[in-house]
Protein chains: 2
Amino acid sequence: MPRAGLDPAQVTEAAAALVDEVGFDRLSMGLVAERLGVKTPSLYKHVAGQADLAHRIAVLAATQLGDAVRDATQGRAGGDALFAAAQAMRTYVRAHAGRYAALNSARPDGPDDPFAAAAARALGSLAAVLHGYDLDPDQETHALRMLRSMLHGFSTLEVAGGFQLDTDVDDSFTWMITFIDRGLRAATPPAH
Amino acid sequence: MPRAGLDPAQVTEAAAALVDEVGFDRLSMGLVAERLGVKTPSLYKHVAGQADLAHRIAVLAATQLGDAVRDATQGRAGGDALFAAAQAMRTYVRAHAGRYAALNSARPDGPDDPFAAAAARALGSLAAVLHGYDLDPDQETHALRMLRSMLHGFSTLEVAGGFQLDTDVDDSFTWMITFIDRGLRAATPPAH
DNA sequence: ATCCCTAGCTAACAGCATTAGCTTTAAGTT
DNA sequence: AACTTAAAGCTAATGCTGTTAGCTAGGGAT
């Protein structure tokens, strides 16, 4: 019988697709193996174990999310870039909720962990959006944390089904981004 | 030998204390039992299983969080109430990260699930803060979702160790709440 | 054609949630 | 005070999942 011909990347991709469908908390070696047409122990030839697999999903997610935000903001500036970045992130999280959950439960393992680099790069994609508002350098960190908190919070609450009221969620999202855009423009240097 | 004299509430409390220490993902029946000086199967006389236990922790968390926000905002209004509510929520999540994670991964089970009531009540505590800004009714929902997203996002990212830069996290938090307070006051009816 | 590395397999083990059935506590009754 | 009884807690056993050990055979290199 022929061989499956797997490698770590394929295993990671299959696992990522799985968690997007069934949720990160239901990640299991058995389901990943089944999806690849292989018996469970075979996976251990490519990944060190379930923890390692989860970590690899997180790296994949950080990379993809960072790229998505970067691509969306290409050639845009100011409020345009903010809207594009925000939409890109929300879209990514909705389409890949499992991967994103993996990303959030991952911690960098060592100083040369690829996850740290991927996460930093993703954060940089978001930070770039704020440069258009030329804020004080110290305010920039605060604004970045705020933006990140908001996008992360909104996306995860939405995916978890947390918004029950019948008001349209898309409307709330654009309202929120508009709110932030206005505030950031008002906070620009002519401070006092 | 004497009996332990447990009941569902005590088991839930012990489990909540456990997850606050070791993380919600490491909840296990064995550790809860050990903490109560009892063998694992004995727990099944009080809770239906691990899923039920997690659900009960979520109800506890929703109740406590709602109360904390409510207590903190007692007798305050406007920006004062907003700051108090925000601080109360962040403080609660930092002190009870495991419970809060249980809250976020819970879903209401039926129409008369106590979790739904507790969650609604907690949300109401937060919504009350916004009444001081007298916004348009439709904007109120948007603002509530924004506030919730932001507080949830900030708290969870902080607890997950997501804020690496050396800028003070407390400063970022107050900056963020100030930002929201300003924006909300500007959005008040004299719209146009 | 042969050699060798290793992907993938089967078998076995360990840990955890859960169930079945027993024992005995301790509360309530007479 | 003796007796009855619902259930708290225990031991033993089952099943599922992650993981390891050791074997087998596929397929590229020589």
Side-chain angles (χ1 to χ4, degrees), chain A residues 1-60 98-99 101-103 105-107 109 115, chain B residues 1-60 98-99 101-103 105-107 109 115:
Chain A
M1 50 189 106
R3 204 172 275 201
L6 300 178
D7 61 32
Q10 286 182 53
V11 175
T12 304
E13 189 58 57
L18 173 69
V19 297
D20 283 346
E21 290 172 25
V22 305
F24 178 61
D25 48 321
R26 303 223 187 136
L27 172 61
S28 86
M29 300 302 274
L31 288 176
V32 175
E34 183 182 22
R35 182 168 288 239
L36 289 166
V38 143
K39 302 293 180 179
T40 305
S42 304
L43 298 178
Y44 290 79
K45 293 290 157 122
H46 306 288
V47 299
Q50 190 169 252
D52 177 41
L53 182 53
H55 196 80
R56 286 168 189 268
I57 297 172
V59 176
L60 176 65
R99 283 163 165 75
L103 166 57
S105 62
R107 300 299 322 145
D109 214 18
F115 175 74
Chain B
M1 52 189 103
R3 205 172 273 201
L6 300 178
D7 60 32
Q10 286 181 53
V11 174
T12 304
E13 189 57 60
L18 173 69
V19 297
D20 283 346
E21 289 173 26
V22 306
F24 178 61
D25 50 321
R26 303 224 187 136
L27 171 62
S28 85
M29 301 301 275
L31 288 177
V32 174
E34 184 182 20
R35 183 168 289 239
L36 290 167
V38 143
K39 302 292 178 179
T40 305
S42 304
L43 298 178
Y44 290 78
K45 293 288 157 110
H46 307 289
V47 298
Q50 189 169 254
D52 177 42
L53 183 53
H55 196 80
R56 286 168 188 268
I57 297 172
V59 176
L60 176 66
R99 281 163 166 76
L103 166 58
S105 61
R107 302 297 322 142
D109 215 18
F115 175 73

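Note that the coordinates shown come from a computational prediction; the quantities given were computed from them, not determined experimentally. Every chain is numbered from 1 and lettered A, B, ... according to where its sequence line falls, protein lines coming before strand lines.
Atoms CG (B:L43) and C1' (C:dA17) sit 11 Å apart, rounded to a whole Å. As rounded to whole Å, 14 Å separates atom P of C:dA17 from atom CG of B:D52. Look at CZ on B:R26: it is 15 Å from C1' on C:dC16, rounded to the nearest Å. Here C:dA7 presents its C1' atom at 12 Å from CD of A:Q10, a figure rounded to the nearest Å. For B:E34 and C:dC16, the CD to C1' distance is 14 Å, given to the nearest whole Å. Rounded to an integer number of Å, the gap from CG of A:L31 to C1' of D:dG18 is 13 Å. Distance, A:L27 CG to D:dT19 P: 10 Å, rounded to whole Å. Between the NZ atom of A:K39 and the C1' atom of C:dC9 there is a distance of 9 Å, rounded to whole Å.
Taking the nucleotide of DNA chain D with the nearest heavy atom to each of A:Y44 and B:A4, the more 5' of the two is matched to B:A4.
Taking only side-chain atoms of A:S28, from C-beta outward, the nucleotide of D:dT19, D:dT11, D:dT17 with the closest atom is D:dT17.
Two residues are said to be in side-chain contact when any heavy atoms from C-beta on lie closer than 4.5 Å; B:L6 and B:K45 fail this criterion. Using a 4.5 Å heavy-atom threshold, the side chains of B:R56 and B:V59 count as separate. Between B:L43 and B:L36, some side-chain heavy-atom pair lies under the 4.5 Å cut-off. Side-chain contact between A:L27 and A:V32 is present, with heavy atoms from C-beta onward closer than 4.5 Å.
Distances shorter than 4.0 Å separate some side-chain N or O of B:H46 from OP1 or OP2 on D:dG9. The shortest distance between the side-chain N/O atoms of A:S42 and the OP1/OP2 oxygens of C:dA7 is not below 4.0 Å.
At a cut-off of 3.5 angstrom, the base of D:dG9 holds at least one donor-acceptor pair with the side chain of B:K45.
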